[in-house]
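Everything quoted here is computed from the prediction, not taken from an experiment.
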Amino acid sequence: MPKEIREKATELAKLRIDLEEAMTSNPLNKEKALEVHAKMQKVEQEIDAWRFAKRLERIEEIQKQRELNRTVPPARTETATD
């Protein structure tokens, strides 16, 4: 996981704490809760976009390897009769 994504995960953890504080304050800090929630959604979306891009990359790699496996004939192995 790249440093940038790890930092986003750390930021998300901190935002969860901030959201909990805003939602459990008395009186409820609705404005702050909404603000923090919006930030959380943005960070989650960025992390999810990275995960999805990595997943697509892995699929492409697998497909390339499968294609290569189809086009390269198996190696000839020596037998006792050779």
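- Side chains of Arg51 and Asp48 form a contact here, defined as non-hydrogen atoms less than 4.5 Å apart.
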Run the side-chain donor-acceptor check on residues 16-34: report pairs under 3.5 Å with partners two or more places apart or on a different chain.
from  : atom 1 : to    : atom 2 : distance (Å)
Thr24 : OG1    : Glu20 : O      : 2.8
Ser25 : OG     : Ala22 : O      : 3.0
Ser25 : OG     : Pro27 : O      : 3.0
Ser25 : OG     : Asn29 : N      : 3.2
Asn29 : OD1    : Lys32 : N      : 3.1

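- The other residues sharing a hydrophobic cluster with Phe52 are Leu56, where clustering joins ILVMFWY side chains under 4.5 Å apart.
- Residue pairs that meet the side chain to side chain donor-acceptor pair (under 3.5 Å) test with at least one member in residues 53-72, sequence neighbours left out, are Lys54-Glu57, Gln65-Asn69.
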Side-chain polar contacts of residues 1-11 - donor-acceptor pairs under 3.5 angstrom, sequence neighbours left out - could you list them?
from  : atom 1 : to    : atom 2 : distance (Å)
Arg6  : NH1    : Met1  : O      : 2.6
Lys8  : NZ     : Glu46 : OE1    : 2.6
Thr10 : OG1    : Arg6  : O      : 3.1

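- Taking CG of Leu15 as the reference point, atom CD of Gln41 lies at 11.5 Å (rounded to 0.5 Å).
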